Amino acid sequence: MVKKKKVSTCVFISGNGTNLKKIFKNSKNKNFPIKIDLVISNNAKAKGIIFAKKNNIKVKCIKYINQKSFEKNSLILLKKNNIKLICLAGFMKILSSKFITQFKYKILNIHPSLLPKYKGLNTHMRVIKNKEKFSGCTVHFVNKKLDSGKIILQKKIKIQKKDTHKSLNKKILKLEYIAYSLAIKRIFKN
Ligand code: GRF
């Protein structure tokens with residue numbers, strides 16, 4: 001049987017990079033469809049950079065002077081490394097339509113809410129304030145509108161009375177770790 005080649009992937013981060021960690025760990029499994037060949041961070045202080053370096057993943061920090069220059073420099077690196085899939089994982093910047101069009105259905109994002117509810121920032125705080133019964137996370141394709149692309153999968157939890165935005169953040173991060181890798185497997189399943 002011919003072995004399938006793993007899809008060359010770049011993960012974009014801005015902070016802790018714990019989703020990156022999980023995806024990387026899973027990517028070591030021989031049946032996982034992707035491999036992480038590059039990490040791009042817009043933040044030189046992102047903890048995820050340390051993890052990438054320790055694990056010999058090529059990592060580049062691109063200073064975010066403005067969207068245009070960030071994307072131009074990213075594109076050069078993506079092409080140079082023959083990247084076919086981009087995973088946004090705790091990446092806190094918005095990508096332009098022009099950039100997204102060049103990777104149509106090739107950019108994934110994880111968002112800590114049950115989209116289409118609670119797009120944007122501070123989701124857990126708003127969820128608690130609104131006394132929602134459930135929350136969760138969503139992995140979706142990135143399109144031109146913020147947090148609005150086609151949903152690949154969602155994971156849901158019941159919110160307990162004693163939950164705060166902090167406890168919810170902890171619980172949902174754990175769900176994210178499962179959801180992101182499952183979504184990656186799902187899009188490459190045939
Ligand atoms: C996650 O909750 C992700 O959904 C959100 O930012 C957080 C970052 O987590 N966009 P990490 O950087 O992967 O640890």
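As the structure lists them, so they are numbered: ligands from 1, and atoms in each ligand from 1. All values below were derived from every heavy atom in this structure, side-chain atoms included, with hydrogens, water molecules and symmetry-related copies excluded. Please read these numbers as outputs of a predicted model, since none were measured by experiment.
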N/O donor-acceptor pair under 3.5 Å between Arg186 side chain and Ile152 backbone: yes
Result block: side-chain N/O donor-acceptor pairs under 3.5 angstrom for residues 10-17, not counting sequence neighbours:
unit_1	atom_1	unit_2	atom_2	d
Ser14	OG	Asn42	OD1	2.6
Ser14	OG	Met92	N	2.8

Is the number of heavy atoms from other residues, nucleotides or ligands under 6.0 Å of Lys6 NZ greater than 12? yes
Kindly write out the residues that satisfy side-chain hydrogen bond (donor to acceptor under 3.5 Å, both in side chains) with Ser27, not counting sequence neighbours, or none if the list is empty. none
For the rings on Tyr180 and Phe32, is their centre-to-centre separation under 6.0 Å? no
Quick check for students: name every N or O atom pair between ligand 1 and the protein closer than 3.5 Å, with distances.
unit_1	atom_1	unit_2	atom_2	d
ligand 1	2 (O)	Glu176	OE1	3.2
ligand 1	2 (O)	Glu176	OE2	2.8
ligand 1	4 (O)	Glu176	OE1	2.8
ligand 1	4 (O)	Glu176	OE2	3.2
ligand 1	12 (O)	Gly17	N	2.9
ligand 1	13 (O)	Thr18	N	3.3
ligand 1	13 (O)	Asn19	N	2.9
ligand 1	13 (O)	Asn19	ND2	2.9
ligand 1	14 (O)	Thr18	N	2.9
ligand 1	14 (O)	Thr18	OG1	2.4

Cut-off 3.5 Å, no hydrogens considered: what does the side-chain donor-acceptor table look like for residues 98-110, sequence neighbours left out?
unit_1	atom_1	unit_2	atom_2	d
Thr101	OG1	Ser97	O	2.4
Asn109	ND2	His140	NE2	3.2

